[in-house]
J.: 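Mind looking over this structure? Questions follow.
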Amino acid sequence: MKSEIMGALVDPVTLEEAVGKVEQFIASRKPHHVVTLNAEILYRARRDPELMKVICGADLVTPDGAGIVWASKRLGSPVPQRVTGIDLMLALAERAGEKGWRLFLYGAEPGVAEEAARNLKKMHPGIRIAGTSHGYLKSEEQEQLIEKIKEAEPHILFVALGAPKQEFWICRNLEKLGVPVCMGVGGSFDVIAGRAKRAPRFMQRAGLEWLYRLVKEPRRFKRMLALPAFAVLVLFESMKKRVFHNFLLL
Ligand code: UDP
């Protein structure tokens, strides 16, 4: 059963379980959309019904970040752990190496997807790279890209255009592409290609990855104001729930 968190339906899965679900999607051969949902995007979706529809229509929605895990606990529908985009992508790359799955990498600046693909192949030689493309194509080049992906017949398509652009792109093209698993991965290609760094482990474990990103990329400040705003909304919602619950007990 899914956990309802501020209007979004999130799968209460561990990383290992998420990989298992993706494996089932691949076995089914039908197209599936995987979303890793963070607090910033969920806050945005509260004001954007189209985005909320895309999230709620996805086949697997993982709790991406400490904010979502915290909210799930406050609201009484806890999820077991964070399953971030980069962690899920790396875990899937490992499984792809064992199973020989074909991966297609679409997104990021020119050259980054190729570099990320090379690094993934070094990590897991069994991986098959079906193709790559950068994420700054002109609109008239989109049809060509769709054809290229269809011809390559990947098992998994990773889309790194940033959220929520990548989620809308996947939703628009999912059926046309027919790829069993399409997943938005934000800035993951930059990290795997070695162009950006992740927060140190202790910060990841303490749920402070957002702070590291803020220090490294101060231009994210405005976007990140969504995090305290999200926390206030969650506290308000949990208070409402508690008052309603106490009222029922009277
Ligand atoms: N990007 C892209 N095309 C665009 C806009 C962004 O390929 O039109 C890429 C950008 O180069 C970067 C990624 O999308 O590699 C966005 O990373 P970010 O960390 O901002 O995404 P988030 O994790 O916040 O969703």
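Note: hydrogens, waters and symmetry copies are ignored here, and every other heavy atom, side chains too, is used. Remember, it's 1-based here, ligands and their atoms both numbered in the order they're listed.
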J.: Return the CD1 to CZ distance between Ile192 and Phe158, rounded to the nearest 0.5 Å.
T.: 7.5 Å
J.: Quick test of your reading of the structure: of Gly186, Ala108, Gly85, whose heavy atom lies closest to atom 13 (C) of ligand 1?
T.: Gly186
J.: Any chance you could measure Thr84, atom OG1, to Met89, atom CE, to the nearest 0.5 Å?
T.: 11.5 Å
J.: Name the closest protein heavy atom to atom 11 (O) of ligand 1, giving the residue it belongs to and the distance to 0.1 Å.
T.: Tyr136 OH, 2.9 Å
J.: To check your reading of the model: name the closest protein heavy atom to atom 8 (O) of ligand 1, its residue, and the distance in Å.
T.: Lys165 NZ, 2.5 Å
J.: Considering only the protein, which heavy-atom contact is closest to atom 25 (O) of ligand 1, and what is its distance?
T.: Ala163 N, 2.9 Å
J.: Is it the side chain, the backbone, both or neither of Asp190 that has a heavy atom closer than 4.0 Å to ligand 1?
T.: side chain
J.: Heavy atom under 4.0 Å from ligand 1: found in Arg223's side chain, backbone, both, or neither?
T.: side chain
J.: Is it the side chain, the backbone, both or neither of Arg213 that has a heavy atom closer than 4.0 Å to ligand 1?
T.: side chain
J.: Would you say Lys99 and His155 make side-chain contact, with heavy atoms under 4.5 Å?
T.: no
J.: Checking contacts here: is it the side chain or the backbone of Phe189 that comes within 4.0 Å of ligand 1, counting heavy atoms only? Could be both or neither.
T.: neither
J.: Which residue and atom name correspond to the protein heavy atom nearest atom 9 (C) of ligand 1, and how close is it?
T.: Ala160 O, 3.4 Å
J.: Write out the residue and atom name of the closest protein heavy atom to atom 3 (N) of ligand 1, then the distance separating them to 0.1 Å.
T.: Gly135 O, 2.8 Å
J.: Without swapping roles, check the side chain of Lys121 against the backbone of Ile127 for a donor-acceptor pair under 3.5 Å.
T.: yes
J.: Considering only heavy atoms, does Arg220 approach ligand 1 within less than 4.0 Å through its side chain, its backbone, both, or neither?
T.: side chain
J.: Taking only heavy atoms of Gly107 into account, list the atoms of ligand 1 that are under 4.0 Å away from them.
T.: 7 (O)
J.: Around Glu217, counting heavy atoms of other residues, nucleotides and ligands shown, do more than 12 lie under 6.0 Å from its CD?
T.: yes
J.: Check this for me: Trp101, atom CH2, are more than 12 non-hydrogen atoms of other residues, nucleotides or ligands nearer than 6.0 Å?
T.: yes
J.: I'd like to check which ligand 1 atoms, numbered from 1 as shown, lie under 4.0 Å from a non-hydrogen atom of Gly187.
T.: 17 (O), 18 (P), 19 (O), 21 (O), 23 (O)
J.: Under 30°, 30 to 60°, or over 60°: which ring-plane class applies to Trp169 and Tyr106, parallel, tilted or perpendicular?
T.: tilted
J.: Check Glu209 with Arg82, please: is the shortest side-chain N to carboxylate O separation under 4.0 Å?
T.: yes
J.: State the atoms of ligand 1, each with its element, that fall below the 4.0 Å cut-off from a heavy-atom position in Leu161.
T.: 1 (N), 2 (C), 3 (N), 5 (C), 6 (C), 7 (O), 14 (O)
J.: With heavy-atom distances below 4.0 Å as the criterion, list the atoms of ligand 1 near Glu109.
T.: 11 (O)
J.: Please indicate whether Arg95 has more than 12 foreign heavy atoms, meaning atoms of other residues, nucleotides or ligands, lying under 6.0 Å from its CZ.
T.: yes
J.: Heavy atoms only, cut-off 4.0 Å: how does Glu40 contact ligand 1, side chain, backbone, both, or neither?
T.: neither
J.: Step through the shown structure and confirm whether more than 12 heavy atoms of other residues, nucleotides or ligands are within 6.0 Å of NZ on Lys21.
T.: no
